[in-house]
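The basis for the numbers below is simple: all heavy atoms, side chains too, and nothing from hydrogens, waters or symmetry mates. This structure is a prediction, so every number in the text was calculated from the model and none was measured.
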Amino acid sequence: MTSRAIVTGGAGFIGSHVVDSLLGDGYEVTVVDDLSAGDASRVPAEAELRELDIVDFDRLCALTEEVKPDAIFHLAAQASVVASVANPGRDCEVNVMGTLNVVESAGRVGAPVVFTSTGGALYGDDAPMPTPED
């Protein structure tokens with residue numbers, strides 16, 4: 001029996017690497033991405049791309065119930081500081097309500113959620129490279 005995974009934000013830089021790793025481990029992978037920052041060309045042909053906004057609870061639940069994943073890897077986010085300042089409501093909608101939607105849809109099918117919360121934006125443009133963890 002093949003394991004199944006959903007990767008939200010799977011068309012993004014980090015998400016696409018998670019997809020590659022899961023495929024390498026033999027998973028069937030469904031990528032959920034609204035393509036607002038991701039690129040469909042990053043999604044390998046072996047994965048299925050579903051263009052979907054995680055804010056759309058009903059569509060997300062329908063997809064989760066269809067796929068019945070063994071796990072959901074949540075990397076979808078509105079990560080742009082500029083976009084956050086310009087439209088903080090949308091930022092909250094995606095990052096807070098979208099995450100809640102992912103968790104609730106996962107709970108309906110008993111799938112654990114693996115969550116990644118941040119990238120380099122946290123440290124700003126003047127952070128030393130490589131940035132130490134402390």
Practice problem: For Asp91 and Gln78, run side-chain hydrogen bond (donor to acceptor under 3.5 Å, both in side chains): C-alpha distance rounded to whole Å, both residues' side-chain angles, the deciding distance at 0.1 Å, then the answer. | Solution: CA-CA 6 Å; Asp91 188 77; Gln78 191 305 104; 2.5 Å; yes
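With rounding to the nearest 0.5 angstrom, the OG1 atom of Thr64 is 8.5 Å from the CG atom of Leu52. Here OG of Ser105 is found 4.5 Å from CD1 of Ile72. Values are rounded to the nearest 0.5 Å. Atom CG in Leu35 sits 10.0 Å away from atom CZ in Arg42 (nearest 0.5 Å). Atom CZ of Arg90 sits about 9.0 Å away from atom CG of Asn95, to the nearest 0.5 Å. In this structure, the separation between CE on Met97 and CG on Asn101 is 5.5 Å, given to the nearest 0.5 Å. In this structure, CG in Leu22 is found 9.5 Å from OG in Ser3, a value given to the nearest 0.5 Å.
The ring-ring contact (aromatic ring centres under 6.0 Å, His included) search around Phe57 returns none, not counting sequence neighbours.
Looking at Ser16, its side chain does come within 3.5 Å of a backbone N or O of Gly12 through a donor-acceptor pair. Formation of a donor-acceptor pair under 3.5 Å by the Asp25 side chain with backbone atoms of Tyr27 is not found in this model.
Among all heavy-atom pairs drawn from Leu49 and Ala40, the shortest one is CD2-CB, 3.7 Å. Looking at every heavy atom in both residues, Val43 comes nearest to Gly10 through CG2-O, 4.1 Å. Listed here is the closest heavy atom pair of Arg59 and Glu51: NH2-O, 3.3 Å. Considering all non-hydrogen atoms of both residues, Pro112 and Asp70 come closest at CD-O, 3.1 Å. What you find for Ala11 and Asp33 is that their closest heavy atoms are N-OD2, 3.0 Å. Across every non-hydrogen atom of Ser80 and Ala83, the tightest pair is OG-N, 3.0 Å.
In this structure, the side chains of His74 and Thr8 come closer than 4.5 Å at one or more pairs of heavy atoms.
Residue Leu100 is not grouped with residue Leu63 when hydrophobic side chains (ILVMFWY) are merged at heavy-atom distances under 4.5 angstrom, including chains of intermediate members. Val109 and Leu60 are members of different hydrophobic clusters when ILVMFWY side chains are connected at heavy-atom separations under 4.5 Å. In the hydrophobic cluster analysis, where Ile, Leu, Val, Met, Phe, Trp and Tyr join through side-chain heavy atoms closer than 4.5 angstrom, Val29 is grouped together with Phe13.
For the pairing with Leu75, the side-chain contact (heavy atoms from CB on, under 4.5 Å) check across Val114, Val7, Val19, Val32 returns one residue only, Val7.
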